[in-house]
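Have a look at the structure below, then the notes.
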Amino acid sequence: MAEDSQRNFRSVYYEKVGFRGVEEKKSLEFLLKDDRLDIEKLCTFSQRFPLPSMYRILVWKVLLGIIPPHHESHALVMKYRKEQYRDVYHALQVIRFIKDTTPQIEVFLRMHQLESGTLPRNVSFPLELEDVVFLAIAKAMEEMVEDNTDCYWLVSSFVNQLNNKYKDLLPQLPKFLEQYLNFEDNRLLAHLRACSAFSKLPYTLWFKKCFAGCLPESSLQRVWDKVISGSCKILVFVALEILLTFKMKIMALTNAEKITRFLENIPQDNTDAIVSKAIDLWHKHCGTPVHLV
Amino acid sequence: MAQQANIGELLSMLDSSFLLILEEITTVFKDNLNSDRGPMLVNSLVDYYLETSSQQALHILSTLQEPHDKHLLDKLNEYMGKAATRLPTLSLLGHVIRRQPSWKHKLSQAPILLSLLKCLKTDTDVVVLTTGVLVLITMLPMIPQSGKQYLHDFFSIFGRLSSWCLKNPGHVAEIYLVHLHASVYALFHRLYGMYPCNFVSFLRSHYSMKENLETFEEVVKPMMEHVRIHPELVTGSKDHELDPRRWKRLETHDVVIECAKISLDPKEASYEDSYYYSVSQPNSRCLQPRQTDPSASPYMDIQSSHGTSTSTPYFASHLSLSQMQRQLPQILSPQSMRLSTEPQQVTIWSPSAICGMSTPPTSPGIVSSESSQTSSQPYSKYFSTPGGKGNPLGTPATSPPPVCISDDFVHVSLPPAAAPPPKKEDKPDPGRPSLSRQQNVINSEKALEVPGNKSSVTLSDLPEFLGYLASDEDSVEKDKEEDAISKEISEITTADAEPVVPRGGFDSPFYRTSESLPASQRKSHSVASSVQGHSLSSELLTSSLDKHGPEGAGDTTKQSFTPIDRPWGASEESPADIREGQSSTDTSILTPSPCKVSAQRRVVFGSGPSPSYEHLFEVALPKTAYLFVSEKTEELLKKAKGNQDEDCTSSTSPMEVLDRLIQQGADAHTKELNKLSLPSKSADWTHFGGSPPSDEIHTLRNQLLLLHNQLLYECFKRQQHALRNRRLLRKVIKATALEEHNAAMKDQLKLQEKDIQSLKLSLQKEQARYHQFQEQHDNIVAQLHSQIRQLQHDREEFYNQSQELQTKLKDCRNMIADLRLELKKANNKVCHTELLLSQVSQKLSNSESVQQQMEFLNRQLLVLGEVNELYLEQLQHKHADTTKEVEMMQSAFRKELEKTKFYIQQQSQRLDASQKRIVELESQLSRKDHLLLEQKKYLEDVKIQARGQLQAVESRYKAQKRITQTFELEILDLYGRLEDSLLKKLEDEKTEAAEAAEERPDCSNEGFADSVAGYSDEAMGRNGETKPVSAQDGGSKDGSSSSKLSTPEKSQNQRGRQFSSLWDAPMSLEPSTNVPLSVGSLPSSKSFLGMKVRELFRNKSESQCDEEGLTINSLSDTLKTELCKDPNMEAKAPPSPDHLSPSPKNQESSVGQLHIMDYNETHHDYS
């Protein structure tokens, strides 16, 4: 890597001392300077390091294919995207599916439904599970992204990615969770099994909504970094870490429903630590993603 | 106390006369002593002894054992301090010491020694002094090394006593001084012998003082003449002679003999180191060491004659005589030699025979004659000189002295005792001759006669002696000579008889003490004595001769003792006679004693040690030793005889007996004196003018005591000598044993030598045999060697032959090889020749053909030659024209050549240029390639970019589509609602009118709506809603449109319509599948329109196939061929992109894409 030589010579020491993310911003800038963005490198980067928030949206957009890798076409493509957004929005307005008062996330949902061709005949048509998931993700995303267009596109792309790319993988995640939990703390696993709570854990919240609504956005961003960059296994480790962190409480609870209820409403105070630990755990078990040269 | 009393009783019983009781008591005492360790018993014993001088007590005391010695010595020391008991204490001490108790080494530490020395230094009593000195002398050799601390005491005592002898400070009787002198002399010898250096230095210092000079001259110097120079004076030193190591290996008797060795006094001296004397006086050593003394005695005599002291010479001489009675015959023998030659024989054989000593006398005869002369002289001198001096002795001791003297003579001097027996032949009184000497002393005038007497005495001694000796050794010879000897003796004695008798008269004064009237006494005495003597002598002689005669030749051992028995028998008689004589005469002094003595002696002899002693000798000793001993016993015997015969008061037996005898004799004497005829005695004494009797008795007693002491001392010395003798005998025995061992060894040696010789012989034999074998072996070896040599020779020959053969073989092989080579060569040659042959044959054939050719050529040549000739002829004819032509042609050719050269040059230039051009072009090409690559990359980039944009656009489009769909759906929904309401209103009538009204004014709209409706129909179909009305409409439109298709020019609307109808076609086709003829009913395929329709259908069918996969293959198959034929038409077919169906558009775009992709390829379609 050419940029590696230009990196700060202190970077090695930063990492050693434990300051992470000092040099990431620079290297990310180097990555983003390339005319044709190297998506694979960006993926590796976002898996290894937390993304700086100022570049997060851009990187996400690139990774989710909302904007092409060429800088030249960014403006054009974004113009198209906006126009499309406007058109769809207008169409929905025309057919009176949405009004000005309609909340943004519902607008996003309707737009997405429209785009995917699953728009119900009536507004009052009951929401399906997918729609609930979308709403949760959109709500989280809305917090993160200011621009509506960007938000819509990100939400839409994110959901599409979940539905397409991880369609096969997502149902297997509970199994992984059981496996790693057994590895990390089999007593807890035994307890959960004894309470027959293991099958009733909030898998939908964790794996389908990707913790949207479970974790605060600042923590969620870091989890989604990994998800967007191509690894949904991080979800397993976050769940595992949540279990481990609240182990004492879980052990105290013997009822499966209580456990589920507790886990669906975990305290939001130290989620950053949970995420950090989860990422460490993930690195530990799945190995640190290497720079693909 | 009871014990004390008991002891007292026991002590009183000690001197019991019963033997049994005596023994019991002594054993009781000894047991007591053994059990009791206290001093009481010893003290009481000592007390008892001092009171009674009991013999038993003495015996017990002298045999005291170790633990009691201290008490005894303490007690003695205690008594020593008291002057009254000093003398008996000393005598007791002397007794004890002479016993040599086991604790004698303690004496040096005992306080008694100190007190003894003190006593000797201070005491003034001569008797005590003499006794003390003797005790001291006895003690000295026992404590040689420990006594050295008192050395100066000894010396000072010596100095004191020697000066005492001269000065006589106590003015004691002269007779005591004699004793003292003797003891001092002995002390001198002892000190000089033991500590010569110290003693000499003492003498030097002591007598260098003027006041002592006289003493030295008078007393010490004469003593010094009797000693040799001590070897220690040369080799030793003061310290060395005090060194304990010097004394450690010497026993008491060794010390005594050491002292005796250096003495020249015949009485003192001992000559064990015989060579001293063998050198100085060879003749003297005739029989044995002791016998050599006689030759020494003359010297002593000389000395004594020189001596100023009166009695010492006497005593000395007497002592020497008494000790060496054997020497008398020797002394006298020279004198007797004048008369007879026999003595010489005696002297000759004796030493060698008896001693077997290493030093036989050299020319004894001559020397002896000389010595005899010398010895005779001294005697004369001796007798002459003492005469003057003798007076003092005689005068004080008026009558009693003879008794004393006789006593002295009896037990001190043995020569008289030895002498008598021979005298008895002719002399009646054997004891007298010795006394005569005393008489001589008294009477100097008779001195001249003494030699004669002496000689007679000696002569008389001889025969007996010879007889004994002869009987001992050469009995046969002796027997022969005996008669002659006896004859001679008898002659001599008879010759001397006359003079002797008067002398015998002189001898008689032996009894009498007065010198003033010797004659009267002599006469009276002589009668008695003569009677006595005769009787005795005759008896003795006969007995002795008788004994010697028969028994001499027989058993020698018996012989030596038998005479003793007889004499006893005789003596028993003689005492009686004497007693009678004595009783008859006034002097019956000796009469009682003989009885007792004889009785005692018999007892002593009976149980005495001599027989056992002798017996031991007999058993233990070899012959030489036995001879020696036998001689000794003879001496003893003679002595005893002499003593007995002469005096009857003493004996020659062991000293105790003698001592006791003397003492008891003395006691008896005193008793008798006291009891008997005191008045007569007193009368006698008074008659002789003697001193008061009590004084006299005291003096006599003292004298007796002194004599006793002296005797004891001599006894002690004798004991030491006896010890010495025993040791020497042991040595002799050892020597003989060694000799025998030597002899045995020699025998063994001889035997071994014999063995060696025999072994040597066998060795020689073996050697000879060995040599023989060796030779045989050598022969065989030589034979074998020769064989081997021969065989080797043969082998070599064979070897040579084989080698020759081998060389031949080699040669043969070589030849064969050569031959083979030759063969090969020959073969080669053959082959070669064959080859050559074939070649040659070929060549031959060739040559034949060549010859043929040659012939042919020759022929041709000939022909050509002819032709040539012809041409030559022609040429000669045509020569002129051709040259011009040739030249022209040449120039033309040259020009042509130049031209071509130029052309070539031009061409090459062109070539260069073109080459350059090529290079340039190539570089351009590569640049172009590069560019192309870049372009490709760029294009790729752009493509991707475009694709991204396209995707966005596409998504946009999709969104649009969705929007429109939604819209349509909405519209349709609305329509549905609207129609529902209209249907309800208008029902059937208005349907057609409304339809027509809608169709005409808004045709385009209708078409569009139619298509949209179709589409929505489709969508609705999906939704499950069917619209049969529209389908019917479509079907009706189809029919109308088909009719309109016939015209090629079509308006936009028419086209749209057409297309919309086309769109509808699939839907209409669905029902039309049932009627395929409808298609076939379309315009004919040959017409243009039909073709178009078909084309359209194909398009539609294709798209339909994609979408629905309907089976119109038959139709499409037929149409495909035509489509290929006219692609241009197809390309121009889609006029508006906006309303084109997605599939053609897709196809178009995909084609475009293909075009873009296949940029490098040439398009078939466009080319």
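Numbers restart at 1 for each chain; the letters A, B, ... are given by sequence-line order, proteins then strands. As the structure is a computational prediction, the values presented were derived from the model and not from experiment.
The 12-atom threshold is exceeded at CD of A:Q104, counting heavy atoms of other residues, nucleotides or ligands nearer than 6.0 Å. Environment of CD in A:E130: sparse, with no more than 12 heavy atoms of neighbouring residues, nucleotides or ligands closer than 6.0 Å. Counting non-hydrogen atoms of neighbouring residues, nucleotides and ligands closer than 6.0 angstrom, the NZ atom of B:K928 reaches no more than 12 such neighbours. Heavy-atom neighbours of A:E146 CD from other residues, nucleotides or ligands within 6.0 Å: at or below the threshold of 12.
Residue with the most contacts toward chain B among A:P68, A:A91, A:S116: A:A91 (heavy-atom pairs, distance under 4.5 Å). Per-residue counts of heavy-atom pairs under 4.5 Å with chain A were compared for B:D941, B:T966, B:I944; the largest is that of B:D941.
Under the side-chain contact (heavy atoms from CB on, under 4.5 Å) rule, B:R962 has a single partner from A:L114, A:D87, A:V88, which is A:L114. The one candidate from A:K82, A:K79, A:E83 that meets the side-chain contact (heavy atoms from CB on, under 4.5 Å) condition with B:R956 is A:E83.
Remark: B:E970 CD to A:R96 CZ distance equals 7.0 Å, nearest 0.5 Å. Here the CD atom belonging to B:Q960 is positioned 10.0 Å from the CD atom belonging to A:E115, to the nearest 0.5 angstrom.
Remark: the B:S955 side chain and the A:R81 side chain contain an N/O donor-acceptor pair separated by less than 3.5 Å.
Contact record, A:S73 with B:Q949: CB-NE2, 3.2 Å, taken as the closest heavy-atom pair.
Interface residue A:L76: only side-chain heavy atoms are found under 4.5 Å from chain B.
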